[in-house]
J.: 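Provided herewith is a single structure, encoded as C-alpha cells, for subsequent inquiry.
As a basis for the values below, the full set of heavy atoms in this structure was taken, side chains included, without hydrogen atoms, waters or symmetry mates. The model shown is predicted, which means the values in this text are computed figures rather than measured ones.
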Amino acid sequence: MFHTLRSRSAGLVAGAAASAVLVGGSLLGATSVQADSQNHPHKPYGVVKAGTLNERQYPSTDSSVVGQLHRHDKVGIKCKVRAQLIHGDPIWYHLRHKEAWVSGKYVHVHGYVKWCKDVDRHHHPLTNSRKARMAKG
C-alpha cells in the first residue's frame, strides 16, 4: 500500500510539473504575442519613411503640428482622404488612436485603408467642424 501511495504521489508531482510547464509556456507565448502587437499594429498601419514626420490637426501643411513621428515608427491608420498635394501625392491618413493626420508621401502602408467617407460619415472631424468646412472652401 505504501508503494502504491508513493507512485500516486510521484504521478501527481509529475502531472503538476507538466501543468506548470504548459502554463509557463503559454504565458511566455502571450508575452511574445503582446510584444509583437506593439511592433506590428493591426492592419491597416503605416511605417514612417521620412526622418521626422509631422502629425497635423488637419490634412494640410497649413494646419497645426500636433506631434511627430520618426523613421520606422509604426502607426495605426483609421482612414484616408485626398487633400493637399505633397510632392505629387494627394493622400493623407487619419491616425487611428490620435486626432491627427500624416501625408501619404512619407508613409508606407500595410493593409487596405478605407476612404474616410466610408468609415464614419457623421462623426468625422474633417467634415463636421466649422473650421474644417471653411478650410474645404
J.: Can you name the closest pair of heavy atoms from Pro59 and Ala83 and give their distance?
T.: O-CB, 3.4 Å
J.: Using 30° and 60° as the class limits, which term best fits the ring planes of His87 and Tyr106: parallel, tilted or perpendicular?
T.: perpendicular
J.: Walk me through whether Lys114 and Tyr112 qualify under side chain to side chain contact (heavy atoms under 4.5 Å, CB included).
T.: CA-CA 7 Å; Lys114 293 181 180 181; Tyr112 175 74; 3.7 Å; yes
J.: Do Val48 and Val66 sit in one hydrophobic cluster, given that two such residues count as connected whenever their side-chain heavy atoms are within less than 4.5 Å of each other, even indirectly?
T.: no
J.: For Pro90 and Leu85, which heavy atoms make the closest approach, and how far apart are they?
T.: N-CD1, 3.6 Å
J.: Which heavy atom in Tyr58 sits nearest to a heavy atom in Trp92, and how many Å separate them?
T.: O-CZ3, 4.3 Å
J.: Can any side-chain N or O of Arg56 pair as donor or acceptor with the backbone N or O of Ser64 at less than 3.5 Å?
T.: no
J.: Are there more than 12 heavy atoms of other residues, nucleotides or ligands under 6.0 Å from atom NZ of Lys43?
T.: no
J.: Taking the six-membered ring where the residue is Trp, are the ring centres of His108 and His110 under 6.0 Å apart?
T.: yes
J.: Run Val75 and Tyr93 through side chain to side chain contact (heavy atoms under 4.5 Å, CB included) and show every step you take.
T.: CA-CA 10 Å; Val75 61; Tyr93 296 108; over 6 Å; no
J.: Find out whether the Lys NZ or Arg CZ of Lys80 is both under 6.0 angstrom from the six-membered ring centre of Trp115 and within 45° of the ring's axis.
T.: yes
J.: Roughly how far, to the nearest 0.5 Å, is the CD1 atom of Ile91 from the CZ atom of Arg82?
T.: 5.0 Å
J.: Do His70 and Leu53 have side-chain heavy atoms sitting under 4.5 Å apart?
T.: no
J.: Taking all heavy atoms of Val113 and all of Pro44, pick out the closest pair and write down the distance.
T.: CG2-CB, 3.6 Å
J.: Please report the closest heavy-atom contact between Ile77 and Tyr45, naming both atoms and the distance.
T.: CD1-C, 3.8 Å
J.: Please assess Arg96 against His42 for the test side chain to side chain contact (heavy atoms under 4.5 Å, CB included), listing each intermediate value before the final yes or no.
T.: CA-CA 10 Å; Arg96 189 180 310 137; His42 294 290; 4.1 Å; yes
J.: Yes or no on side chain to side chain contact (heavy atoms under 4.5 Å, CB included) for Gln84 and Thr61, after CA distance, side-chain angles and deciding distance?
T.: CA-CA 8 Å; Gln84 181 184 9; Thr61 56; 2.9 Å; yes
J.: Which heavy atom of Cys116 sits nearest to which heavy atom of His94, and what is that distance?
T.: SG-CB, 4.3 Å
